[in-house]
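This report refers to the structure that appears directly beneath it.
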Amino acid sequence: MKLLRRLPRRRFLGRGFAAVGALVLEGCDKLSHTEWFPKVLGAGEGASRSVQRTLLTRKSMAQEFSEKDLSPSFRSNGTSEPQNPQYIELAKGAFADYRLKIDGLVDKPANLSMQDLRAMSSRTQITRHDCVEGWSAIAKWKGARLTAVLQTVGVKPNARYVVFHCADPMEADGTSPYYESIDMDDAYHVQTILAYALNDAALPIKNGAPIRLRVERQLGYKHAKYVMRLELVESLSHIGEGHGGYWEDQGYQWYAGV
Ligand SMILES: Nc1nc2c(c(=O)[nH]1)N[C@H]1C(S)=C(S)[C@@H](COP(=O)(O)O)O[C@H]1N2
Ligand SMILES: [Mo]
């Protein structure tokens with residue numbers, strides 16, 4: 001979203017914008033169950049998503065780069081050290097005891113170790129990360145394909161979103177953990193991975209160790225770091241404040257196309 005990037009962040013924290021976002025997302029949730037959903041798309045979020053679908057199709061690939069394009073370094077943004085006692089313990093043990101919990105609308109809930117994740121079908125990609133705060137960087141990511149991870153648990157037909165629950169609290173009192181969500185189109189996209197390596201080294205803590213989402217056709221805040229749990233859901237309304245992500249709850253767009 002070019003517009004989102006040019007305007008100062010506070011413009012998007014206004015109540016009006018949040019309210020419109022909420023209304024449209026709620027609308028999508030309700031309407032997409034019906035046959036006439038495509039016809040009523042036409043305003044706000046719905047319009048930009050349908051334009052995106054038409055012009056690019058949701059299967060389109062984010063641009064990939066080569067080694068010579070790599071940025072000299074990849075900065076950290078947002079949380080760089082999760083203030084969560086359980087996470088700090090896991091980090092001390094080099095994440096040997098880390099388990100990715102997968103539950104919600106799945107046939108076989110699972111707890112996957114890093115070893116399990118590394119054994120899965122992986123993908124390596126060099127992509128550009130665009131943050132709404134006005135910086136971009138090109139880096140090489142390697143991780144388990146989310147499609148492969150989801151296949152091991154079996155997604156129930158009524159699942160419509162994958163929610164990424166993160167370790168880092170966004171409030172000083174330890175509450176309000178960061179979270180994000182994507183729909184099944186993005187979940188099964190070939191460039192959507194749970195990354196455990198950055199530029200050929202283990203993913204550093206500042207960038208989301210032990211795993212962080214890469215969902216390459218969307219902006220930086222969608223790329224959840226410190227992922228502890230995947231929850232498959234039919235609706236986002238009962239999670240956080242109901243808009244599908246920590247920043248979405250502050251008024252950012254849920255579908256943040258690059
Ligand atoms: N858990 C968690 N994930 C997060 C954030 C965060 O603060 N916590 N920040 C987001 C934002 S705004 C950006 S731009 C990227 C930054 O990723 P990096 O720290 O690897 O640069 O992570 C995103 N994912
Ligand atoms: Mo960001």
Side-chain angles (χ1 to χ4, degrees), residues 1-13 62 70-88 90-91 95 98 100-101 125-143 146 162-172 174-182 186 191-231 239-241 243-258:
M1 289 273 110
K2 298 277 168 343
L3 187 69
L4 185 61
R5 227 176 300 156
R6 250 184 281 120
L7 294 172
R9 164 189 277 194
R10 64 180 174 279
R11 289 282 298 273
F12 291 90
L13 299 177
L70 290 172
S71 300
S73 66
F74 196 87
R75 57 172 280 186
S76 174
N77 203 51
T79 304
S80 55
E81 281 177 59
Q83 296 304 305
N84 168 339
Q86 196 195 343
Y87 178 89
I88 292 167
L90 290 172
F95 300 104
Y98 168 86
L100 174 66
K101 181 176 178 171
Q125 57 205 28
I126 299 178
T127 55
R128 194 187 61 229
H129 179 103
D130 295 312
C131 172
V132 292
E133 288 174 46
W135 61 275
S136 297
I138 295 176
K140 182 179 185 178
W141 303 95
K142 181 182 181 189
L146 186 55
V162 183
V163 180
F164 300 82
H165 295 279
C166 307
D168 52 324
M170 299 303 281
E171 297 292 335
T175 61
S176 198
Y178 198 95
Y179 78 101
E180 256 305 336
S181 62
I182 59 176
D186 264 321
Q191 290 172 313
T192 301
I193 60 174
L194 296 179
Y196 44 72
L198 166 58
N199 292 335
D200 296 316
L203 184 65
I205 288 183
K206 69 181 176 55
N207 301 110
I211 55 164
R212 68 98 51 81
L213 173 66
R214 294 301 307 170
V215 51
E216 303 292 355
R217 297 172 305 171
Q218 296 204 53
L219 292 170
Y221 61 88
K222 298 296 293 187
H223 300 236
K225 306 194 282 188
Y226 318 112
V227 177
M228 305 301 285
R229 175 182 169 215
L230 307 187
E231 184 186 8
I239 299 164
E241 289 172 31
H243 306 134
Y246 173 77
W247 285 112
E248 288 85 334
D249 286 339
Q250 325 288 316
Y252 279 46
Q253 297 190 2
W254 175 77
Y255 190 85
V258 173

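Keep in mind that this is a model prediction, so the values were computed, not measured. Indexing begins at 1, ligand by ligand and atom by atom, following the structure's order.
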Item to complete: Please confirm whether the backbone N or O of Trp141 pairs with a side-chain atom of Arg214, one donor and one acceptor, at under 3.5 Å?
Response: no

Fill in: From CA spacing to verdict: side chain to side chain donor-acceptor pair (under 3.5 Å), Glu216, Gln125
CA-CA 10 Å; Glu216 303 292 355; Gln125 57 205 28; 3.1 Å; yes

Practice prompt. For side-chain contact (heavy atoms from CB on, under 4.5 Å), just list the numbers for Ser181 and Phe164, CA-CA rounded to whole Å, side-chain angles, deciding distance to a tenth of an Å, and then say yes or no.
Written response: CA-CA 6 Å; Ser181 62; Phe164 300 82; 5.5 Å; no

Discussion item. Just to be sure I read this right, does ligand 1 sit under 4.0 Å from the backbone of Cys166, its side chain, both, or neither, counting only heavy atoms?
Written reply: side chain

Practice prompt. Check whether any heavy atom of Phe74 sits under 4.0 Å from an atom of ligand 1.
Written response: yes

Discussion item. Distance check, rounded to the nearest 0.5 Å: Phe74 atom CZ versus Asn199 atom CG?
Written reply: 8.5 Å

Item to complete: Would you mind telling me if ligand 1 is within reach of the side chain of His223, the backbone, both or neither, using heavy atoms under 4.0 Å?
Response: backbone

Worksheet item: Between Glu133 and Arg75, is the closest basic N to carboxylate O distance under 4.0 Å?
Response: no

Item to complete: Would you kindly say whether Asp249 and Tyr179 are connected by a side-chain donor-acceptor distance under 3.5 Å?
Response: yes

Worksheet entry | ligand 1 contacted by Glu133 (non-hydrogen, < 4.0 Å) | no

Practice prompt. Would you mind finding which of Gly220, Ala167, Pro204, Ser76 brings a heavy atom closest to atom 15 (C) of ligand 1?
Written response: Gly220

Discussion item. Please list, in number order, the atoms of ligand 1 under 4.0 Å from a heavy atom of Lys206.
Written reply: 19 (O)

Response to the item:
Numbered in order shown, the ligand 1 atoms found under 4.0 Å of a heavy atom of Cys131 are 14 (S)

Worksheet item: Is it the side chain, the backbone, both or neither of Tyr226 that has a heavy atom closer than 4.0 Å to ligand 1?
Response: side chain

Item to complete: Decide whether an N or O pair under 3.5 Å exists between Trp247 and ligand 1.
Response: no

Worksheet item: Where the side chain of Ser80 meets the backbone of Lys206, is there a donor-acceptor pair that is under 3.5 Å apart?
Response: no

Fill in: Met228 and Lys101, any side-chain heavy atoms less than 4.5 Å apart
no

Worksheet item: Does the side chain of His165 come within less than 4.5 Å of Val227's, by heavy atoms?
Response: no

Worksheet item: With a 4.0 Å cut-off on heavy atoms, is Tyr179 touching ligand 1?
Response: no

Discussion item. Pairs of nitrogen or oxygen atoms closer than 3.5 Å, one from Asn207 and one from ligand 1: do any exist?
Written reply: yes

Discussion item. Under a plain distance cut-off of 3.5 Å, with no hydrogens placed, do Asp130 and Ser136 share a side-chain donor-acceptor pair?
Written reply: yes

Discussion item. Regarding ligand 1, does Trp141 bring an N or O atom to under 3.5 Å of one of the ligand's N or O atoms?
Written reply: no

Worksheet item: Near Gly78, which atoms of ligand 1 are under 4.0 Å from a heavy atom of that residue?
Response: 7 (O)

Practice prompt. Give yes or no for whether the N/O distance cutoff of 3.5 Å, strictly under, is met between Trp135 and ligand 1.
Written response: no

Worksheet item: Are Lys225 and Asp168 ion-paired here, with the side-chain N under 4.0 Å from a carboxylate O?
Response: no

Worksheet entry | Where ligand 1 meets Asp168 - atom numbers and elements under 4.0 angstrom, heavy-atom basis | 1 (N), 2 (C), 6 (C), 7 (O), 8 (N)

Discussion item. Can you check which of Tyr246, Tyr221, Tyr252 brings a heavy atom nearest to atom 11 (C) of ligand 1?
Written reply: Tyr221

Worksheet item: Mind checking whether His129 has a heavy atom under 4.0 Å from ligand 1?
Response: yes

Discussion item. Please report whether the ring centroid of Tyr226 lies less than 6.0 Å from that of Tyr87.
Written reply: yes

Worksheet item: Does at least one non-hydrogen atom of Arg212 fall below 4.0 angstrom from an atom of ligand 1?
Response: yes

Worksheet item: Is there at least one pair of N or O atoms, one from Arg75 and one from ligand 1, spaced under 3.5 Å apart?
Response: yes

